[in-house]
Structures are given as structure tokens and as C-alpha cells.
Amino acid sequence: MKNLDEVIALVPGLSRADLERWIHAALIEAELDADRPVLSETQFARVRLVCSLRFDMEVEEETLPVVLDLIDQLHDTRERLHRLSQAVLAQDEEVRTAVLQVMAKAGRGR
């Protein structure tokens with residue numbers, strides 16, 4: 001967990017105003033520790049992502065929620081696909097083969 005001062009010190013170009021605005025807009029989720037906002041490692045990584053989007057890629061502030069929502073959906077989809085893959089791998093050979101055959105047919109149908 002990192003407090004806001006640590007986050008600002010570690011992320012070049014990040015201002016307290018930007019960080020607090022993003023927390024207030026729920027783009028970043030802060031937790032409270034002794035009544036002070038702190039960020040988990042996941043949220044710290046999200047701050048770096050938001051900075052990259054905003055400052056490096058020049059994504060408009062108003063567009064950030066949409067872009068972040070799409071990224072979140074992508075991550076969720078990847079996690080679901082990973083869990084599905086693990087479930088298929090846990091099946092016997094006959095089931096795995098059947099699943100792969102269906103996937104191959106579906107891929108050719110595009």
C-alpha cells in the first residue's frame with residue numbers, strides 16, 4: 001500500500017490535483033488507512049496506466065472513463081477465458097478433443 005505522497009513521488013508528471021480528481025471520479029480506488037487514502041499495488045499500476053493514457057497518449061480527461069471501462073472489460077474477458085481454458089484442460093482427453101473440434105469449426109465459420 002502506498003499513500004498519495006508516495007504515489008506522486010514515484011510517478012513522473014503526476015500532480016496531487018490530478019490524482020485526487022481521478023480518485024474523486026472513481027477512476028482510481030483508494031482505501032483508507034488511519035483516515036488517509038492509500039493505494040494497493042493494483043491501483044498504483046492503474047495510476048501509471050491513467051498517466052500513460054492521459055499524458056503520453058493524450059487521451060482527453062472526459063474520455064478516460066470510457067477507455068478504462070473498455071480496458072477493464074478486456075481484462076475481465078481474459079480472466080474468464082483463462083478460467084475456461086483451465087476447466088477444459090482439467091477434463092479427460094475425449095472432452096478436450098471435442099471442445100477443440102467445436103472451436104475449430106467455429107473459427108472456420110467466420
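Nothing here was measured: the structure is a model prediction, and the numbers come from that model.
With contacts defined as side-chain heavy-atom distances shorter than 4.5 Å, the pair Glu41/Met1 does not qualify. Side-chain contact between Asp76 and Asp72: absent, with no pair of heavy atoms (C-beta onward) separated by less than 4.5 Å. Residues Trp22 and Cys51 are in side-chain contact: their nearest non-hydrogen atoms beyond the backbone lie under 4.5 Å apart. Residues Arg16 and Leu19 form no side-chain contact, since every pair of their non-hydrogen atoms from C-beta on lies 4.5 Å or further apart. Using a 4.5 Å cut-off on side-chain heavy atoms (C-beta onward), Leu53 and Ile71 make contact. Counting only heavy atoms from C-beta outward, the side chains of Arg83 and Arg80 approach each other to under 4.5 Å.
The two residues Leu4 and Pro37 make their nearest non-hydrogen contact at CD1-CG, 3.7 Å. Residues Phe44 and Leu39 share a closest heavy-atom pair of N-CB, 4.3 Å. Taking both residues in full, the closest heavy atoms of Glu31 and Ser40 are given as OE2-CB, 4.4 Å, listed atom of the first, atom of the second, then distance.
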In sequence, state the C-alpha distance, the side-chain angles, and the governing distance for Asp92 and Val95, and then conclude on side-chain contact (heavy atoms from CB on, under 4.5 Å). CA-CA 6 Å; Asp92 61 39; Val95 173; 3.4 Å; yes

Evaluate the criterion salt bridge (Lys or Arg N to Asp or Glu O under 4.0 Å) for residue pair Arg21 and Asp18; output intermediate values, then yes/no. CA-CA 5 Å; Arg21 188 173 59 255; Asp18 286 332; 2.4 Å; yes

For a side-chain contact (heavy atoms from CB on, under 4.5 Å) check, start with the C-alpha distance between Leu49 and Leu68, then their side-chain angles and the critical distance, and finish with the verdict. CA-CA 9 Å; Leu49 171 63; Leu68 290 171; 3.9 Å; yes

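In the hydrophobic clustering of this structure, Val38 does not group with Ile23; members are Ile, Leu, Val, Met, Phe, Trp, Tyr whose side-chain heavy atoms approach within less than 4.5 Å, directly or through other members. Leu74 and Val67 sit in two unconnected hydrophobic clusters of ILVMFWY residues. Membership requires side-chain heavy atoms under 4.5 Å apart, directly or through other members. Hydrophobic clustering places Phe55 together with Val47 (ILVMFWY residues linked when any side-chain heavy atoms are closer than 4.5 Å, directly or through intermediates). Neither Leu89 nor Val99 shares a network with the other; the hydrophobic side chains, linked directly or stepwise wherever heavy atoms of I, L, V, M, F, W or Y lie under 4.5 Å apart, form separate groups for each. Under the 4.5 Å side-chain contact rule for hydrophobic residues, Leu10 and Ile8 share a cluster.
Panel note: side chain Asp33, backbone Arg36; no donor-acceptor pair is recorded below 3.5 Å. Although no hydrogens or angles enter the test, the distance criterion places a donor-acceptor pair under 3.5 Å between the side chain of Thr77 and the main chain of Gln73. In this structure, the side chain of Ser85 engages the main chain of Leu81 through a donor-acceptor pair within 3.5 Å. At least one donor-acceptor pair closer than 3.5 Å links the side chain of Arg96 to the backbone N or O of Gln91. Remark: side-chain polar atoms of Gln43 are paired, donor with acceptor, to backbone N or O of Glu29 under 3.5 angstrom.
A donor and an acceptor atom, one from each side chain of Glu93 and Thr97, are located under 3.5 Å apart.
Summarising the local packing, CD of Gln86 is surrounded by more than 12 heavy atoms from other residues, nucleotides or ligands at distances under 6.0 Å.
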